[in-house]
Each structure stands twice: as structure tokens, then as C-alpha cells.
Amino acid sequence: MPELPEVETVRRTLKNFVLQKQIEDIYVHYDKIVEGDTAQFIETLKGQVIHDIDRMGKYLIFKLDNDAFISHLRMEGKYSIETPEVPLQKHQHLTFQFHDGSQLRYHDTRKFGRLKLVNIETYATELPLSKLGPEPKDAILEEVYPKIHKSSLAIKTLLLNQSILAGIGNIYANEICFTMGINPYTPGKKLSKKRVKELLVVATKILDNAIKQGGTTIHSFDANGITGLFQVQLQVHMQKICPTCEQEIIKEMINGRGTYYCKKCQRRKT
DNA sequence: ACGTCCTCCTGTTCGC
DNA sequence: TGCGAACAGGAGGACG
């Protein structure tokens, strides 16, 4: 499940392969992978050159001559660089054919990911990107603290809310709670301003560290067709034994999401 | 305005 | 053994 660090790794890797390439054609093999009018998506982008790839939270933003499109990988989306001779794989739903003969293909087993045409000038202020909060590293305490403090929802749930902080998914939400020694059920309003400040520091550090390591490999994370290159050291997510106290890691559902924590090391309720 | 629940998807794991 | 149910989960939408 790509989160901010994994998407950032994809962005950096992809830039090495597709920048300055001109789109000759686009083949959509599963219509719903494109949000909105598929024919318009194809006709608009055809002939344009990819000049840059940006990222906001977990969204990739491909910038071309006159237009842009966003791509969200959701759970299992991945890109690969191929040539036309390679047979289309079962779950490859979209192909960008470049003028130089190479292809960029989008693969998504569960078909949850989406690509969407956006206005290159105004996309940041239009849905869905406009509702994203800041990434932890850019967050201003005075803006984030009130959003957490007014809520009685579990801090684990609030960490997953992209309008409060962008880029954190289930894996890193669990890791952040562990590092803070906080019980994931703790209501947001129980956290002091000082504690939220600490949360921003911890979240930034964990995400930065994961980016440095090239993203987390849980399933089969592909940046360019290569799998299993990176494996971040996870402290608590999907773990059985606490690395600190060696007690059993508990798994429970919070708001429908698998939540891993150590009852001994995460006793704080503030 | 906010919280809760459902939906989208397929592959894997689990229980009877 | 085999098969259906449960699970995995990010985000958008319906609903109260």
C-alpha cells in the first residue's frame, strides 16, 4: 500500500524514465481506471510531452505541455517501463505509448487506482487536491493542532485523515503511534499542543527516513518493474513481537483498519 | 459540518 | 477437500 514515501520513490524513479518523452498514444484497457471521460483523457494528452512529475500527499501529478493529470495508486497501483513487444499482463489497465518506442504501463490488481485529467494551472485549488492538508514536514502547528484538538476520534483515525495531514496511510499511522508511545485509541482532544508538535516531528522523521530507504515493500512494490528492492524497518506494523519490550503486538480494528500496537509501550493516553 | 457506513476490486487466507 | 466468507484498505459518496 503505497503511502507518501513509496509514492515519492515512484515519483523519483519514474522521472528518470519518462521526462521529456512525447505521448504518441494512450491505450486504456479498463475504462474505469480513468476518472471522467476516457476519450477526452486520451485526445487531450496525445502529442504532449511530460515535463515534470510532482506529488501532493499520495497523489502523483504529471505535468505536460498544456495539461496535467493526477494518478493515485491506492492499494496496489504500480508503473512499469516496457516495450510494445512485451505482452500485456492481466492487470495492466493503461499504456502510454511514447514516440521513442518505449511504454509506460499502469498495473493495478484491484483496480482501485485512478488517473484523472486536471487543469495544469489550478489543480491544487480544485478537488480532489484542494482538500489535502499539509504534509507533516510542512505543517504549521497552529493550523494542525485545532483540527486534532476539537475531535474525539481516535488519534489513529485522525492520522489517516488526509485533510488534516497528507500522505500518512495505515502503515505509518501505526508506526507514528508506536514511536510516540501513544495508545492508538486516544481521542485527538486529549493531545496537548506540545504533544501535537511532537507528533509532527515524529511523523516527519519517520516519513523522511522511509523515503531515504526507498519506500516500504509490503506486497510487491514496483517503481520500475523491479520488486523487493527496499524494506523499511517497521517497528510495529505487521509485527508479532514488540522490539522494545518483546511483548506480543496486539492487532485490533480501529475504524475498520488493522491497528497494531504494544499495550505496554503504548500506554500514554495523552 | 461532522461522523458513520458502504462501495469499489481481486487475490489470499480462514473456517466449517 | 472444497467452497464461501472474511479480509486487505484509500478515498469518495450517501446519509443522518
Side-chain angles (χ1 to χ4, degrees), chain A residues 1-8 10-11 28-36 38 55-61 69-79 88-94 106-118 123 126-133 135-136 143-144 146-177 184-189 203 207 210 215-222 227 234 236-240 249-261:
Chain A
M1 305 104 218
E3 304 182 24
L4 188 156
E6 291 77 20
V7 177
E8 176 61 17
V10 171
R11 185 186 77 84
V28 179
H29 317 293
Y30 176 72
D31 191 65
K32 287 167 76 175
I33 219 72
V34 175
E35 207 174 316
T38 301
R55 183 185 56 74
M56 286 178 68
K58 303 173 201 169
Y59 287 88
L60 290 167
I61 303 148
F69 68 89
I70 57 175
S71 168
H72 197 301
L73 306 174
R74 295 288 183 97
M75 251 64 76
E76 311 204 352
K78 56 196 73 167
Y79 283 100
L88 198 68
Q89 287 180 42
K90 185 178 178 184
H91 298 295
Q92 289 180 333
H93 305 306
L94 189 144
Y106 179 71
H107 180 287
D108 192 339
T109 307
R110 290 167 69 183
K111 301 180 177 171
F112 274 12
R114 292 290 180 267
L115 291 87
K116 184 186 185 186
L117 203 59
V118 295
Y123 64 82
E126 291 168 1
L127 288 172
L129 300 183
S130 60
K131 65 170 172 31
L132 290 179
E135 296 180 10
E143 292 174 5
V144 173
K147 293 184 183 176
I148 292 176
H149 189 251
K150 74 178 179 189
S151 175
S152 54
L153 292 177
I155 186 62
K156 164 76 192 310
T157 299
L158 296 174
L159 283 170
L160 293 174
N161 184 335
Q162 303 298 302
S163 69
I164 297 176
L165 289 171
I168 299 168
N170 202 43
I171 297 170
Y172 294 109
N174 284 331
E175 294 295 309
I176 291 164
C177 288
Y185 290 94
T186 307
K189 61 185 170 192
L207 295 176
T216 303
T217 305
I218 292 293
H219 242 20
S220 56
F221 161 62
D222 274 17
T227 59
L234 296 176
V236 69
H237 185 82
M238 294 278 280
Q239 304 302 303
K240 301 270 187 227
I249 296 292
I250 306 291
K251 186 198 176 190
E252 290 168 357
M253 301 299 266
I254 297 182
N255 206 34
R257 305 284 182 256
T259 303
Y260 296 81
Y261 71 106

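Here the structure is a predicted model, which is why all the values come from computation and not from measurement. To find a chain, count down the sequence lines: A is the first, B the second, and so on, and within it residues start at 1.
- Atom pair Leu158(A):CG and dA11(C):C1' shows a separation of 16 Å (rounding to whole Å applied).
- Here CZ of Arg114(A) is found 8.0 Å from CG of Asp108(A). Values are rounded to the nearest 0.5 Å.
- Aromatic ring centres of Tyr106(A) and His93(A) lie farther apart than the 6.0 Å criterion allows.
- Summarising the geometry, the separation between CG on Leu160(A) and P on dG12(C) is reported as 14 Å, rounded to the nearest angstrom.
- Counting any heavy atom pair closer than 4.0 Å across all strands shown, Lys131(A) reaches sugar-phosphate atoms only and no base atom.
- Note that OG of Ser71(A) is 2.5 Å distant from OH of Tyr79(A), once rounded to the nearest 0.5 Å.
- Between Ser151(A) and dG3(B) there is a side-chain polar atom (N or O) within less than 4.0 angstrom of OP1 or OP2.
- Out of dT10(B), dC9(B), dA11(C), the shortest distance to the side chain of His91(A) is found at dT10(B).
- The interatomic distance linking Gln92(A) (CD) with dT10(B) (C1') rounds to 16 Å, in whole Å.
- For Lys90(A) and dG11(B), the shortest distance from a side-chain N or O to OP1 or OP2 is below 4.0 Å.
- For dG10(C), the base has a donor-acceptor partner in the side chain of Arg257(A) [N/O atoms by modelled type, under 3.5 angstrom].
- Exactly one residue among Leu165(A), Asn161(A), Ile164(A) makes a side-chain contact (heavy atoms from CB on, under 4.5 Å) with Lys147(A). That residue is Ile164(A).
- Across all strands, Gly256(A) comes closer than 4.0 Å to no nucleic acid atom at all (heavy-atom distances).
- Atom P of nucleotide dT12(B) and atom CD of Glu76(A) are separated by 10 Å, given to the nearest angstrom.
- Heavy atoms of Leu153(A) sit under 4.0 angstrom from primed sugar atoms or phosphate atoms, though from no base atom.
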